[in-house]
Structures are given as structure tokens and as C-alpha cells.
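To start, the structure under review is shown below, and the notes come after it.
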Amino acid sequence: MIVFILCFILFLVGLFGILTSRNIIKIIIGLSIMEFSVYLFLVLIGYIENGQAPIITKDMINLPVVDPLPQAMVLTAIVIGLATKSMLMAIAIRLYKKFKTFDIRKITSLKG
Amino acid sequence: MELTLSILLVFMIIGAVYALFARDLLSALISCGIVGYGLVICFLLLKAPDLAIVQIVVETVTLIIMVAVILDSTRQDLREKIVHNERGTHFINAKYVFNVLTVVILALFFLFFFNQAIGRLEPFGTHVTRMASAYVGDAAIKTGSANLVTGVLFDFRAYDTLGEATILFTAVVGVLTILRIKGRK
């Protein structure tokens, strides 16, 4: 149970970073921390005590297998997270080229 | 098992907090790497080797891209931040209080739903496979794949993977579009 609560605390740390920091890079870092906590939470739900990895081998012992479904879903989510993060990075590069700063208080004009 | 994971998670939380309060952008990125690579060790402990491999590749690529983004801008940004703190202290403080208040309200909102969800989940380690028991039983015969995660991804839920590939393609097209066009002066 304490693992779930620590995961939730990690989520809140990421939320705090997104809402209070003014640097675009710090905001992206907070977003990725939130993502990591959600991945870990989903994999933690599917874990079975003394389970074995979901790979079938010849000399398999008669133990329960860890739930493969959350792992497959998280694998998809990690790749999608990479795609969204690279989009954010590209936008950050463009903003830095135009405004010469990462500070969102100074990025006030919305013209292309 | 739970104790080991808790120690790792506390380590990750410390790294995350340092990443958000670091004065230098480069050290913030490196401490964000603490969280990512701690996640890799957690995945290995949780018997998810595929996830660990993918996460280590993704984390390395992200770190390299982010370092490339900030490399020639770090010092300049730092100087500006210090000047700003000296000039308008109480103006920044009012906005900061508002931001922290927003965080607290959202945190209470999330805490309510977390509390409701945690009551319905089984305690850690006593999960019962409901939907995946069919996958675990027949995957080797139906798909011919020894790795169950691969079997789920590429056979039972192949349309999901197709959508993921579409999102990757869209992201690549978007990045190329954003980085190619010259902005208006």
C-alpha cells in the first residue's frame, strides 16, 4: 500500500513542477515525472508476489505469471510519451529561436 | 520487495524535487534522469524486462535531445533569473502564492479520487489476473510467441500498436514541420 502512496506523491511533485515553474524546460521535466509515476503505478497494479516474468521457457516452474496486459499497455504509453516529448522539444527550440529565452513570462506575443 | 521498491521510490522523489528546484538547467535534466533510470530498476524488480529495455532506450534518447536543446542557452537564462529575483520580489511572490494554491486545490482533488481508487484495488502483490488469464493460457499456442507481452502487443491488440505507429508518424511529421518553416520576424 505504501508503494501506491509514494507513487501518488511522485505524481504530485510533477504537478507542482508544471504549475509553479516558469521555465519551459522545467515544465517538460515536470510532465515527464508525472508520466513516469503513472507508468510505475500501472505496472505495480499488475504485479503478483513471487510471480515470474511473462516469458514462456521450457523449464518453467509452476508459479503464477505477472499480468502481461498492463505491461503491454505501458509499453505503448512509453513510446507515445517519447513522441509527445519530442514535439514539446521542437516547440521549445522554435520558441527559443524567436524569443531568445525559455521564460514563459517573456513569451507574450502569439504571432507565428 | 515492497521495502526495496519504497526505498527506490523515495530516491526518485528526491531526484524529482531536486530537478524542479535546481538553479542550472543541465543539473535539472540530469536529476530528471535519476527518476527515469530509477524507473528502469523498478521495472526490473517488478518482472517487466521488456519495459526496462524500452524505458532505458527512451530515457537515453530523451536526455540527449534535451541536452542538445539547452546546451547553448543555460548560462544566459540563469543570469536573467537572478536579475528578476532582485528586481520585483513581492510581485513574483503574489503570483507564486496563487500558483501554490492552485497546486493544493488540484492535489486535494486528485487525493479524493486516489482515495476512492485505492479502496477498490487489491493490496500490493495480490493481483488476480482476470482478463489476461486467457492470454497467459493460450498465447504460446495461438500466437507462437514465447514472450507474452509481445503476443499481446502484436497479436491480440495489434490495432492498438497500429494506432501507436500512427501517433509516432504524426509526431515525426509534426517535428519536421515545426523545425523546417522559418518564423516571421
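Sequence lines set the chain letters: A, B, ... in the order given, protein chains first and strands last, and positions in each chain run from 1. Keep in mind the model is a prediction, meaning the values are calculated, not measured. Computed over heavy atoms, backbone and side chain alike; hydrogens, waters and symmetry mates excluded.
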Heavy-atom distances under 4.5 Å only: say whether [X] touches chain A with side chain, backbone, both or neither.
X	result
B/Phe43	side chain
B/Ile178	both
B/Leu45	backbone
B/Phe110	both
B/Leu121	side chain
B/Phe124	both
B/Leu111	both

Spatial distance of atom [atom1] ([X]) from atom [atom2] ([Y]) [nearest 0.5 Å]:
X	Y	atom1	atom2	answer
A/Ile29	B/Leu29	CD1	CG	4.5 Å
A/Tyr39	B/Leu51	OH	CG	10.5 Å
B/Leu39	A/Ile78	CG	CD1	7.0 Å
B/Ile70	A/Ile93	CD1	CD1	11.5 Å
B/Thr177	A/Met87	OG1	CE	8.0 Å
A/Ile56	B/Leu148	CD1	CG	4.5 Å

Taking every non-hydrogen pair under 4.5 Å, which of [options] racks up the most with chain B?
options	value
A/Val13, A/Ile80, A/Ile18, A/Ile28	A/Val13
A/Ser37, A/Pro64, A/Gly46	A/Gly46
A/Val43, A/Val66, A/Thr57	A/Val43
A/Lys85, A/Glu49, A/Gln52, A/Glu35	A/Glu49

TODO: With the side chain counted from C-beta on, respond yes when B/Leu9 and A/Ile9 share a heavy-atom pair under 4.5 Å apart, and no when they do not.
DONE: no

Task: Minimum side-chain heavy-atom gap A/Phe16-B/Asn99 below 4.5 Å - done: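 Result no, sub-4.5 Å side-chain heavy-atom pair not found.
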
Name the region of [X], side chain, backbone, both or neither, that has any atom closer than 4.5 Å to a heavy atom of chain B.
X	answer
A/Leu6	both
A/Thr20	both
A/Ile5	both

Winner by heavy-atom pair count (cut-off under 4.5 Å) against chain A, out of [options]:
options	value
B/Ile167, B/Leu3, B/Val128, B/Val69	B/Val69
B/Glu122, B/Arg157, B/Met12	B/Arg157
B/Val172, B/Val58, B/Thr170	B/Val58

Shared hydrophobic cluster for [X] and [Y] (ILVMFWY, side-chain gaps under 4.5 Å):
X	Y	answer
A/Ile104	A/Leu19	yes
B/Val152	B/Ile141	no
B/Leu179	A/Tyr96	yes
A/Phe11	A/Ile2	yes
B/Val67	A/Leu95	yes

Give me the atom names and distance for the closest heavy-atom approach of [X] to [Y].
X	Y	result
B/Glu59	A/Phe36	OE1-CZ, 3.2 Å
B/Asn147	A/Pro54	OD1-O, 3.5 Å
B/Ala107	A/Leu15	N-CD2, 4.4 Å
B/Glu164	A/Thr76	OE1-CG2, 3.3 Å
B/Val175	A/Ser86	CG2-O, 3.8 Å
A/Ile33	B/Ala16	CD1-CB, 3.6 Å

Open item on the list: For B/Lys47, is there any backbone N or O sitting under 3.5 Å from a side-chain donor or acceptor partner on A/Gln71?
Closed with: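 Looks like yes, one N/O pair under 3.5 Å.
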
- [ ] Could you please spell out the steps behind the side-chain contact (heavy atoms from CB on, under 4.5 Å) verdict for B/Val54 and A/Val74?
- [x] CA-CA 10 Å; B/Val54 170; A/Val74 169; over 6 Å; no

Task: Step-by-step side-chain contact (heavy atoms from CB on, under 4.5 Å) determination, B/Phe114 to A/Leu12 - done: CA-CA 12 Å; B/Phe114 177 75; A/Leu12 288 186; over 6 Å; no

